[in-house]
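Before any comments, here is the structure.
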Amino acid sequence: MGHIAIIRNFVMIADGHYADDYINTRGTIMDNYQKLHDILISYQQKYAKDQMVACREGSGWKTYSTQEFVDTVDLLSQGLIAKGLSKGDRVAIMSGNRPEWNFVDFACNQLGIATVPLYPTLSDADLVFILNDADVKMIFVSNDDLVNKMKLALDTNSLHIDIFTFDKVSGHSHFQEVVDLGRQQDHDLDSYRNAVLSDDLLTLIYTSGTTGKPKGVLLSHANIISNVEASNHLLTSEYKKALSFLPLCHIFERMVVYLYFSKGVQVFYAENLDNIVADINDVKPDLFTTVPRVLEKVYDKVVEKGSALSGIKRAIFFWALNLGHQFKEPNRNSAIYKLKLGIARKLVFSKWQEALGGNIKLIISGGAALQERLARIFWAADIKVLEGYGLTETSPVIAVNSWRAEDVKFGTVGRVLNNLDVKIATDGEILVKGPSVSSGYFQNDDATREAFTEDGYLMTGDIGELTPDGFLRITDRKKEMFKTAGGKYIAPQVLENKLMESPLVGQVMVVGENQRFPAALIVPAFDELKKWATRKNLSAETNEKLIELQEVKDKYDHIITSSMANFGHWEQIKKFELLPTEWTIDGGELTPKLSLKRKVILQKHEELIQAIYTD
């Protein structure tokens with residue numbers, strides 16, 4: 001992989017602005033967005049509607065029209081000015097997904113105030129570090145739990161920052177107070193909007209800090225606007241409603257919501273993942289974004305229901321499932337296969353559509369590697385799952401598959417966006433340059449220098465390759481690859497993804513750096529495991545006792561053996577341990593986008609891992 005493959009040219013004018021009526025390579029004439037609030041202005045002019053955004057309220061939905069959205073944003077901007085905030089200041093938001101998140105975001109960005117999104121799961125130490133490092137002037141939080149968390153962190157560290165809540169919380173200032181203050185003002189907001197430049201800081205997003213202090217990624221208006229415009233081809237006019245449940249504090253969901261707004265799509269914010277099925281059936285969305293873990297759970301639930309069928313219905317279900325796994329890219333399936341698929345869609349896959357609201361057409365998956373079999377089966381069900389790839393530092397999308405038949409390739413993360421320049425370094429690392437790439441890290445010149453090559457390419461930290469037909473394939477994280485004691489490189493994600501194909505494997509992490517062989521820590525999918533155990537007339541009172549049963553250990557040994565069949569001898573997992581407790585965000589083992597925090601997991605299970613290699 002030592003070749004250099006440059007696959008796209010820049011389309012950005014040298015001064016950082018876009019040409020009028022910029023036309024992307026797929027022939028779509030774009031709006032001349034230069035600053036983020038231009039998207040809101042465009043929405044009002046082109047798509048104004050009675051329902052622009054909505055959120056759960058009791059058993060129903062509270063909706064906001066375009067006019068209500070714009071009015072609230074402007075009043076909030078007026079209130080922020082009255083509070084003494086000005087261009088260059090920074091405002092923090094700690095909240096789940098809800099319209100107020102958008103209100104604060106747009107109210108700030110049209111004044112040149114940068115937002116600092118905060119994950120609700122941040123440790124007190126990281127929270128205080130970010131507030132100090134970013135010199136935050138004001139904080140918005142959603143509810144009583146988070147305001148108490150924030151207040152405790154501030155008081156303990158003698159910080160004095162005004163906090164406003166989205167929910168009404170006794171003893172704390174409410175978001176509406178800033179809006180009401182804005183009603184008493186009469187500032188010329190156009191003059192503030194005009195003073196904002198496309199290269200001005202839009203948002204400061206801090207990394208999770210699993211390997212030290214968090215780093216603040218600098219993203220400008222131009223960075224994110226360029227990513228919105230280059231991703232424009234993903235959405236067509238047929239998409240009317242989207243459901244949003246991935247965290248807005250992550251740039252993936254946030255950029256996609258901006259993309260929704262740029263295309264006039266209504267956005268419904270899910271209350272939480274616990275009620276996601278009810279929300280999907282209420283909203284009946286045309287599309288949503290997700291992470292692979294959610295799709296894995298959806299698939300497992302579908303298979304579970306199919307397994308409960310009997311007779312001819314069960315046979316038809318598994319015939320359709322097997323057929324779906326054979327699905328190729330849309331223009332590569334034979335006429336006979338398409339005929340069979342039409343029958344399978346009518347008899348079986350139509351039920352998948354109904355389970356996702358009945359209108360679902362598109363799902364965008366990011367944040368982690370998607371199992372190829374899941375992409376194939378969902379496409380077979382006429383639910384197009386588009387796997388993409390990117391980083392916070394790239395605003396975030398670098399590459400993404402498309403719904404177009406010629407622009408999707410299973411097992412890859414799609415074609416590189418048309419305004420980015422990607423090449424593969426001699427060691428296989430993916431390097432990227434372009435208008436959506438961050439200028440670096442806030443007040444951290446050392447980290448910025450370390451992140452870029454001498455000729456200005458961002459080093460992604462991912463290992464990959466470009467296929468002959470121009471698709472990008474990710475093979476592993478450079479920092480996650482490790483050497484065994486024999487000097488052989490191991491790419492853990494590849495092994496993990498293969499093991500995750502078993503419905504009995506809930507979570508898995510491959511270990512073995514500087515050891516004789518790779519091993520695995522496995523968290524069983526306990527719902528499925530208990531059903532399997534019942535069928536085998538096995539019983540145990542707790543998860544701990546269940547995984548101690550020899551029959552259970554033998555089952556997972558068989559899963560590993562069959563999964564490793566096509567890997568090299570040095571790559572094959574020789575030993576494993578079953579764990580009784582799921583890894584979670586709250587437990588500290590997962591990032592907010594559900595990726596493994598490998599260092600944390602290694603530390604928590606250090607003795608267990610040592611035992612694997614001393615037996």
Search all heavy atoms of Val508 against all heavy atoms of Leu596 and return the closest pair with its distance. O-CD1, 3.4 Å
Quick check against the 3.5 Å criterion: does Thr467 have a side-chain atom that pairs as donor or acceptor with the backbone of Phe471? yes
Please determine whether side-chain hydrogen bond (donor to acceptor under 3.5 Å, both in side chains) holds for the pair Asp126 and Tyr119, giving the CA-CA distance in whole Å, both sets of side-chain angles, and the decisive distance to 0.1 Å. CA-CA 10 Å; Asp126 283 349; Tyr119 284 110; over 6 Å; no
Please examine the side chains of Leu417 and His233, heavy atoms only from C-beta on, and report whether any two atoms are closer than 4.5 Å. yes
Less than 4.0 angstrom from a charged side-chain N to a carboxylate O is my criterion; do Arg473 and Glu465 meet it? yes
Atom CD1 in Ile224, atom OG1 in Thr203: separation rounded to 0.5 Å? 6.0 Å
Under the criterion side chain to side chain contact (heavy atoms under 4.5 Å, CB included), I'd like the reasoning laid out for Ser402 against Arg415: C-alpha separation, chi angles, the key distance, then a yes or no. CA-CA 8 Å; Ser402 167; Arg415 297 188 190 276; over 6 Å; no
Sub-4.5 Å side-chain heavy-atom contact between Asn102 and Phe261: yes
I'd like to check Leu287 versus Tyr260 (side-chain heavy atoms, cut-off strictly below 4.5 Å). Are they in contact? yes
For Ala447 and Lys215, work out which heavy atoms get closest and say how close. CB-CD, 3.8 Å
What donor-acceptor contacts under 3.5 angstrom involve side-chain atoms of residues 371-379, with partners at least two apart or in another chain?
residue	atom	partner	partner atom	Å
Gln371	OE1	Arg373	NE	2.6
Gln371	OE1	Arg373	NH2	3.1
Gln371	NE2	Glu296	OE2	3.3
Gln371	NE2	Met500	O	3.2
Glu372	OE2	Arg376	NE	3.2
Glu372	OE2	Arg376	NH2	2.5
Arg373	NH1	Glu501	O	3.2
Arg373	NH2	Glu501	O	3.0
Arg376	NH1	Phe327	O	2.6
Trp379	NE1	Val385	O	2.9

Using 0.5 Å steps for rounding, measure from the CD1 atom of Ile360 to the CG atom of Leu243. 8.5 Å
Kindly say whether Val408 contributes a backbone atom to a donor-acceptor pair with the side chain of Glu329 at under 3.5 angstrom? no
So does Lys338 get a backbone contact from the side chain of Asn333, meaning a donor-acceptor N/O pair under 3.5 Å? no
Evaluation steps, side chain to side chain contact (heavy atoms under 4.5 Å, CB included), between Leu590 and Val600: CA-CA 9 Å; Leu590 301 182; Val600 173; over 6 Å; no
Looking only at atom types and distance, does a side-chain atom of Ser395 sit under 3.5 Å from a main-chain N or O of Ser436, one as donor and one as acceptor? yes
Side chains of Leu495 and Gln493 in contact at under 4.5 Å (non-hydrogen atoms): no
For Lys241, does the NZ atom sit with more than 12 other heavy atoms under 6.0 Å from it, leaving out its own atoms? yes
Rounded at 0.5 Å granularity, tell me how far CG in Leu246 sits from CG in Leu248. 9.0 Å
Provide the closest heavy-atom pair for Arg345 versus Ala380 in the form atom of the first, atom of the second, distance. NE-O, 2.7 Å
CD1 (Ile225) and OH (Tyr258) are apart, to the nearest 0.5 Å, by 9.0 Å
Should Asp300 and Val303 count as side-chain neighbours, where that means a heavy-atom distance under 4.5 Å? no
To the nearest 0.5 Å, what is the distance between CG (Leu259) and CD (Glu229)? 10.5 Å
May I have the step-by-step check of side chain to side chain contact (heavy atoms under 4.5 Å, CB included) for Asp421 and Tyr457, ending in yes or no? CA-CA 9 Å; Asp421 175 9; Tyr457 284 84; 2.6 Å; yes
Do any N or O atoms from the side chain of Thr448 and from the backbone of Asn444 form a donor-acceptor pair under 3.5 angstrom? yes
Side chain to side chain donor-acceptor pair (under 3.5 Å) partners for Gln326, two or more places apart: none
Going through the checks in order, is the side chain to side chain contact (heavy atoms under 4.5 Å, CB included) test met by Thr584 and Glu589? CA-CA 6 Å; Thr584 65; Glu589 302 94 353; 3.9 Å; yes
Check the orientation of Phe245 and Phe288. Use parallel for under 30°, tilted for 30 to 60°, and perpendicular for over 60°. tilted
When rounded to the nearest 0.5 Å, the distance separating CG of Asn227 from CG of Asn232 is 11.5 Å
Side chains of Ser220 and Asn223, heavy atoms from C-beta outward: is any pair under 4.5 Å? yes
Sorted by chain and number, sequence neighbours left out, salt bridge (Lys or Arg N to Asp or Glu O under 4.0 Å) with Lys409 holds for Asp469
Of Ile424, Thr475, Ile430, which is the lone residue that meets side chain to side chain contact (heavy atoms under 4.5 Å, CB included) with Ile463? Thr475
Exam field: side chain Asp407 to backbone Arg404, donor-acceptor pair closer than 3.5 Å: no
Does any non-hydrogen side-chain atom of Tyr64 lie less than 4.5 Å from one of Met52? no
Between Lys384 and Glu238, does any side-chain N to carboxylate O distance fall below 4.0 Å? no
Grab the two heavy atoms, one from Ser42 and one from Tyr33, that are nearest each other, plus how far apart they are. OG-OH, 3.3 Å
Contact summary for Ser226 and Asn419, nearest pair of heavy atoms: O-ND2, 3.4 Å
Is it the case that Thr289 and Glu253 place a side-chain donor and acceptor less than 3.5 Å from each other? yes
Could you check whether any side-chain N or O of Asp200 sits under 3.5 Å from a backbone N or O of Val196, counting only pairs where one atom can act as donor and the other as acceptor? no
Would you find more than 12 non-hydrogen atoms of other residues, nucleotides or ligands less than 6.0 Å from Asp455 atom CG? yes
Which heavy atom of Arg254 sits nearest to which heavy atom of Pro117, and what is that distance? NH1-CG, 3.8 Å
Flag the pair Phe349 / Asp382 as yes when at least one side-chain heavy-atom distance between them is below 4.5 Å, and no otherwise. no
Cationic N near anionic O, under 4.0 Å, Asp286 to Lys361: yes
Donor-acceptor contact present, side-chain Asp279 to main-chain Ala270, <3.5 Å: no
When you measure from the side chain of Gln266 to the backbone N and O of Ala242, does any donor-acceptor pair fall under 3.5 Å? no
Lys49 atom NZ, neighbour heavy-atom count above 12 within 6.0 Å: yes
